[in-house]
Amino acid sequence: MPELPEVEVVRRGLERGVVGRVIDGVEVYHPRAVRRHAAGPDDFAAALLGRTVTTASRRGKYLWLGLSPQGAEAAGLEAVGAAAAGAGAAGAGESLLGHLGMSGQLLVVPPDSPDQVHLRVRFRFGDGGRELRFVDQRTFGGLAVVSGADLPASIAHIAPDPLAADFDVEHFVDALRRRRTGLKRALLDQTLISGVGNIYADEALWAARLHYARPTETVSRAEAHRLLEAARTVMTAALAAGGTSFDRLYVSTEGVSGLFERSLEVYGREGEQCSRCAAPIRREAFMNRSSYTCPVCQPRPRRARW
DNA sequence: AGTTCAACCTGAAAGC
DNA sequence: TGCTTTCAGGTTGAAC
């Protein structure tokens, strides 16, 4: 699934492709895609009609589109201005919140382009231009209209991500060392640090020369800083490359794959040589998925914790 | 209260 | 060839 860099690529595409436009048609083809919208698919569609998309935001792997106030659909630009003026009030406004899950895509495509096999929701716009389509093979992702524009209340539990301006490094270091779990489990816990998934967790741990089973309480402050810096470096580089695409399940809003796969050091490289020490990269089962490490650069701790 | 794990899905690839 | 098993970028809710 898309992790922070991939979701940020999509957010930028939405900013270019749908901000400032008026939604004038919503079709939900699979109710599971809007299961987080408690009032159901019909209410989901009705709540969006006539509203202007004002902003495209992201925290970790969640993204959301700010919506003009209901009933302010008359003129697109006017609505944008009204929403911007009201954005100062805490908790005000509504948003279209989305998560891509393991296989979700948000595509901005011409209305006459053929429907994708796993098309779940279609959004048409008043200008008759490109549509927004939510496509999701496995339906782990989803969309909902929620309250809150700055940070929707429903994702208040998600921690800031390491590329966010408000990420508090010292708070993260303290919170990490207070945990009683394995280091990779902590990295994947979106309430501690968000945006990191299985790929970038393994890449950051390799770059910081730390093993995933290190008990968090034994991680020094310096090691925690090193790990965070590694995560920032690898995700920034991945973003510059357009993200990581193993297959066609992750693509940008334009349908373009990312190129970072070729820069991965350990993830998906079982048996290949570590670029630092030439030892063969090892793959192990971990939390019903896989972890990739260099057995030499990242020795297993004597006291390991999964 | 903090931590862990099964469950939610579809499809491609590997195994037999 | 075809059937079965395994695996895939994630999150939640409930159990411990």
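In what follows, chains are A, B, ... by sequence order, proteins preceding strands, each numbered from 1. All of these numbers come straight from a predicted model, not from anything done at the bench.
Rounded to whole Å, the P atom of B:dG11 lies 22 Å from the corresponding atom of C:dT11. Distance noted for atom P between C:dT6 and B:dA6: 15 Å (whole Å).
Under a 3.5 Å cut-off, the side chain of A:H37 and the backbone N or O of A:V145 do form a donor-acceptor pair.
The side chain of A:R283 lies closest to C:dA8, out of B:dC9, B:dG11, C:dA8.
Annotation: cation-pi pair A:R120/A:Y29 absent, no NZ/CZ under 6.0 Å from the ring centroid and within 45° of its normal.
Put simply, CZ on A:R269 is 17 Å from C1' on C:dA8, counting in whole angstrom units. Protein atom CZ of A:R138 is 15 Å distant from nucleotide atom P of B:dA7, rounded to whole Å. Rounded to a whole Å, the CZ atom of A:R32 is 11 Å from the C1' atom of B:dT10.
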Pairwise N/O distances under 3.5 Å, protein to nucleotides 3-5 of chain B:
{"from": "B:dT3", "atom 1": "OP1", "to": "A:R180", "atom 2": "N", "distance (Å)": "2.7"}
{"from": "B:dT4", "atom 1": "OP2", "to": "A:T181", "atom 2": "OG1", "distance (Å)": "2.7"}
{"from": "B:dC5", "atom 1": "OP2", "to": "A:R185", "atom 2": "NH2", "distance (Å)": "3.0"}

Contacts under 3.5 Å, N or O only, protein and nucleotides 12-16 of chain C:
{"from": "C:dT12", "atom 1": "OP1", "to": "A:Y62", "atom 2": "OH", "distance (Å)": "2.8"}
{"from": "C:dT12", "atom 1": "OP1", "to": "A:H157", "atom 2": "NE2", "distance (Å)": "3.4"}
{"from": "C:dG13", "atom 1": "OP1", "to": "A:R36", "atom 2": "NH1", "distance (Å)": "3.4"}

Find every protein N or O atom lying less than 3.5 Å from an N or O atom of nucleotides 13-16 of chain B, and list the pairs.
none

### Query
Starting at the 5' end of DNA chain C, what dot-bracket string do you get if Watson-Crick and G-U pairs under 3.5 Å are bracketed, crossing pairs use [ ], other-strand pairs use | and unpaired bases use dots?
.|||||||.|||||||
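Using a 4.0 Å cut-off on heavy atoms, the residues of residues 236-248 of chain A that approach DNA chain C are A:T244, A:S245, A:F246, A:D247, listed by number. Contacts with DNA chain B (heavy atom under 4.0 Å) in residues 167-175 of chain A: none are found.
A donor atom on one side chain and an acceptor atom on the other are not found under 3.5 Å apart for A:R283 and A:S291.
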